[in-house]
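On a predicted model such as this, the values are computed, not experimentally measured, just so you know. One-based numbering, in listed order, for ligands and for the atoms of each.
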Amino acid sequence: MTTLAHLDLAPCGATAGTVRLPGSKSISNRTLLLAALSEGDTEVRGLLDSDDTRRMLEALGALGVQWRQLNERDYLVEGCAGRLPVKQAELFLGNAGTAFRPLTAALALMDGEFRLSGVPRMHERPIGDLVDALRSLGAQIDYLGQPGFPPLAIHPWQNQRNEHPGLRTRVRGDVSSQFLTALLMALPLSGEDGLISVEGELISKPYIEITLNLMRRFGLHVEKRGWNEFHLPAGQGYHSPGVIHVEGDASSASYFLAAGALGGGPVRVEGVGSDSIQGDVKFADTLAQMGALIALGEDWIESSGPVAARGGKLKAIDADLNHIPDAAMTIAVLALFADGTTTIRNVASWRVKETDRLAAMATELRKVGATVEEGADYLRITPPATLTPNAVIDTYDDHRMAMCFSLVAVGGTPIRIMDPQCVAKTFPDYFAELATVSR
Ligand SMILES: O=C(O)C1=C[C@@H](OP(=O)(O)O)[C@@H](O)[C@H](O)C1
Ligand SMILES: C=C(OP(=O)(O)O)C(=O)O
């Protein structure tokens, strides 16, 4: 494969068309793990094919889980009924949070020796709160580098069953919701009664809904008590539902819906709609607040809007976007096309994702002429009268930086995207798909 050092995107006057979305990363990686841990085989239809799902598939293969590709988007995963065949493995998980956190928890409650590592940035992304929660359950985990961060060595679980009946643990909710997701998915492996308490305000709540929804489809009942207590009744195990359909990725949808609003549209995305279990479909509501016209079906969303090339503007907003942390980055770039100052609040988690996204976003938005105030957990963006053409955008190995900033060209200003292949984390064909809706 050739690696492009940069991609120059020409200004685009108008947008229209339909995009079939790639599968949801969050649903794909959860489904793969749950299918592997289940009793029975699962046909996973519409799986995302990207770096993050490759890392999960490779890891499951290394753990002895049998899976095979049936055709382009469909896979068959043989369940191992909670007992992974391989008891010693080294897993490389790239920068896939949805692989690293859930696998850490699942493997910590087993009786093998495992080493989990990732790319250098993964080793800067916190995992200490999850490790603390697992240690409180008797998990034996060592940090191989900096305490609190990957890489990790996981040793056989020492369940202190006799000391404490049932599994009781607490986890912080304000760093990443993936810690709670990981515990929820792993605890049923013990068959014991489980109780997880969440400390602090839980962030990114809709991702917990995805977790609970998928666990339910694999036969697992979780009693949710508000957002700070989750009870897993004893004696449950995962059972394959037979077939699972992966929805299109709602975060990936945000770029095309934004393109519809910026270039006139209509742009339709297929694969997500009013039936979606993904919180990021709410991006469409925020886009509507900014003045886009949204139409919604069960399995599709369409947007159209003020045409930037004809001087049309979006409305500036001031919004708490904690519930859509990934799609919120798309709003940050759309702020360049708004009629005033946009404030994106409550996104402190941006600092511990693929890069420090608050810092990266502020730096790159300034390159196209915006005035940006970077707070500890917010960004305030004032667009310039005219965007600076041909800005060179660094992407920090962050797929979303590359995808978001392509919208500057959609809005009519040429731009250079450095290292565009970073989109492979969740959307390898992104630029080709964007070209199909650009006129
Ligand atoms: O559980 C998930 O699938 C995800 C949760 C979110 O992370 P945080 O909970 O760390 O905000 C999100 O940003 C990530 O892309 C996917
Ligand atoms: C934060 C993200 O990824 P991860 O699943 O690695 O946390 C993301 O895709 O924006």
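Under 4.0 Å from any atom of ligand 2, one finds heavy atoms of residues Lys25, Asn95, Ala96, Gly97, Thr98, Arg125, Gln178, Asp326, Lys353, Glu354, Arg357, His399, Arg400, Lys425.
Atoms of ligand 1 found under 4.0 Å from any heavy atom of Asp326, numbered from 1 in the order shown, are 12 (C), 13 (O), 14 (C), 15 (O). Near Ser176, meaning under 4.0 Å from any of its heavy atoms, are these atoms of ligand 1: 8 (P), 9 (O), 10 (O). When each atom of ligand 1 is checked for a heavy atom of Thr98 under 4.0 Å away, the hits are 2 (C), 3 (O). Taking a cut-off of under 4.0 Å to the non-hydrogen atoms of Arg30, the atoms of ligand 1 that pass are 1 (O), 2 (C), 3 (O). Short contacts between ligand 1 and Ser26, defined as distances under 4.0 Å to a heavy atom of the residue, involve ligand atoms 2 (C), 3 (O), 16 (C). Atoms of ligand 1 lying under 4.0 Å from any heavy atom of Ser204, numbered from 1 in the order shown and given with element: 8 (P), 9 (O), 11 (O). Here is the list of ligand 1 atoms found below 4.0 Å of a heavy atom in Lys353: 6 (C), 7 (O), 8 (P), 10 (O), 11 (O), 12 (C), 13 (O).
The existence of a salt bridge linking Glu199 and Arg172 is excluded, since no basic side-chain nitrogen approaches an acidic carboxylate oxygen closer than 4.0 Å.
Proximity of the aromatic rings of Phe256 and Tyr430 is defined here by a centroid distance below 6.0 angstrom, and this criterion is met.
The two atoms that bring Leu107 and Leu116 nearest to each other are CD1-CD1, 3.9 Å, heavy atoms only.
Ring geometry for Phe218 against Tyr238 counts as perpendicular: the plane angle is over 60°, on a 0 to 90° scale with 30° as the lower cut.
The backbone N or O of Ser177 sits nowhere less than 3.5 Å from a side-chain atom of Ser204 that would complete a donor-acceptor pair.
Across Val272, Leu257, Leu296, Val269, a single residue satisfies side-chain contact (heavy atoms from CB on, under 4.5 Å) together with Val281, and that is Val272.
No hydrogens or angles considered: nothing links the side chains of Ser438 and Thr15 as a donor-acceptor pair under 3.5 Å. No hydrogens or angles considered: a donor-acceptor pair under 3.5 Å links the side chains of Thr211 and Thr181.
Residue pairs meeting the side-chain hydrogen bond (donor to acceptor under 3.5 Å, both in side chains) criterion with at least one partner in residues 137-149, sequence neighbours excluded, are Asp142-His155.
The nearest heavy-atom contact from the protein to atom 9 (O) of ligand 1 is Ser177 OG, 2.5 Å.
Taking a 6.0 Å sphere around CZ of Arg351, one finds it holds more than 12 heavy atoms contributed by other residues, nucleotides or ligands.
Between Lys25 and ligand 1, a contact under 3.5 Å exists for at least one N or O pair.
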